[in-house]
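Take a look at the structure set out below.
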Amino acid sequence: MKEFPAVGSGEGLASPRIAVILPCYNEAGAIVQTVEDFRRALPDADIYVFDNNSSDGSGALAAAAGAIVRRVYQQGKGHVVRRMFADVDADIYVMADGDATYEAAAAPRMVAAMLEDNLDMVVGARRSEVEEAYRRGHRFGNWALTSLLKRLFGRSFTDILSGYRIFSRRFVKSFPVLSAGFEIETEISVHALELAMPVAEVVTAYGARPEGSVSKLSTYRDGWRILRTIITLYRIERPVLFFGIIAAVLAIAALILAAPLIVTYAQTGLVPRFPTAILVTGLMILATLSAMCGLILDTVVRGRREVRRLAYLAFRAPGDHARRD
């Protein structure tokens, strides 16, 4: 996957409409700094803060800092992203967290990278020099999920869980958000890889939270979510593989149980253990049904992918932002 070095600010290009979209939940200690940092980096952009039931006055602080504040009452980052993508109209979307950990100064070169190669998503790959900023458990989960996506799609990102991303309009308006929580980053990456969209990464700095700001992440809870996401990805995106593995396990178990019966029948012409024979028959039937489910669902997945591709192609490319859909 191509990784862009620092590029220019895009001078000489027609100015696209840029929206900075920031999900926010109890970030009173960081949201003002985040808004100000992105205002300096992208002075012509509209900055939106989507407040997800904050109880510490984050929304009021963001509004006082000059952001456009919207409220989302369904709890969870996935619900917030769904509202952001549906409600905000722009040519380019800059999404980051409201905790001031992402490098806002990198946004112009990420936008320039998108326009230069007509990309649909640019991921801010985190480079952290502070151990507390990027915990070991999350690094392991990131590595595991990244490895899985590489096996599934033949390519992936180096930082699959980064919340710092630049999107084109056609990505945002063709992406059916289904996740409710922090697994939204994985769903976003899968959508891009599934449709073979042009994407890239830009290495960005990742810092510790400001003093007084508390992380909402949990190593064990989020680790379980990652494991569940891995299983779901196999089931949804590769049904032949997922159900084929189940079918193979059932068939092998049936053959192991059937081996003594076959030997006895060959020697005596009798089948002395009818319960075992019935169990073997049931296991082979289940194995066949599982394999057939995989084949049928593979056809469904292909049709769904074609529909998503057509919806994606209905919108303009990033470099064609002068045209209005």
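Everything quoted here is computed from the prediction, not taken from an experiment.
A search for salt bridge (Lys or Arg N to Asp or Glu O under 4.0 Å) contacts involving Lys173 returns nothing, not counting sequence neighbours.
Under the 30°/60° scheme for interplanar angles, the aromatic rings of Phe38 and Tyr164 are found to stand perpendicular. Classification of the Phe167-Phe85 ring pair by plane angle, with boundaries at 30° and 60°, yields perpendicular.
Side chain of Asp159 to backbone of Arg126: a donor-acceptor contact under 3.5 angstrom is found. A donor-acceptor contact shorter than 3.5 Å links the side chain of Arg309 to the backbone of Leu195. Between the side chain of Tyr25 and the backbone N or O of Gly98, no donor-acceptor pair lies under 3.5 Å. A side-chain donor-acceptor contact under 3.5 Å links Ser58 to the backbone of Ala28.
Residues in residues 187-199 take part in these side chain to side chain donor-acceptor pair (under 3.5 Å) pairs, two or more places apart or across chains: Arg165-Ser189, Ser179-Glu187, Glu194-Arg304, Glu194-Arg308.
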Query raised in the report: Are Leu119 and Val199 close enough, and set up right, to give a side chain to side chain contact (heavy atoms under 4.5 Å, CB included), and what steps lead you there?
Result: CA-CA 5 Å; Leu119 305 173; Val199 297; 5.9 Å; no
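The shortest non-hydrogen separation linking Val80 to Pro23 is CG1-CB, 3.6 Å. The two residues Glu237 and Val190 make their nearest non-hydrogen contact at OE2-CG1, 3.8 Å. Smallest separation of non-hydrogen atoms from Met110 and Val123: CE-C, 4.0 Å.
Aromatic pair Tyr312/Phe171: centroids not less than 6.0 angstrom apart.
Annotation: side chain of Met121 is not in contact with side chain of Ile166 (no heavy-atom distance under 4.5 Å).
At least one test fails for Arg170 against the ring of Phe315: distance under 6.0 Å to the centre or angle within 45° of the axis.
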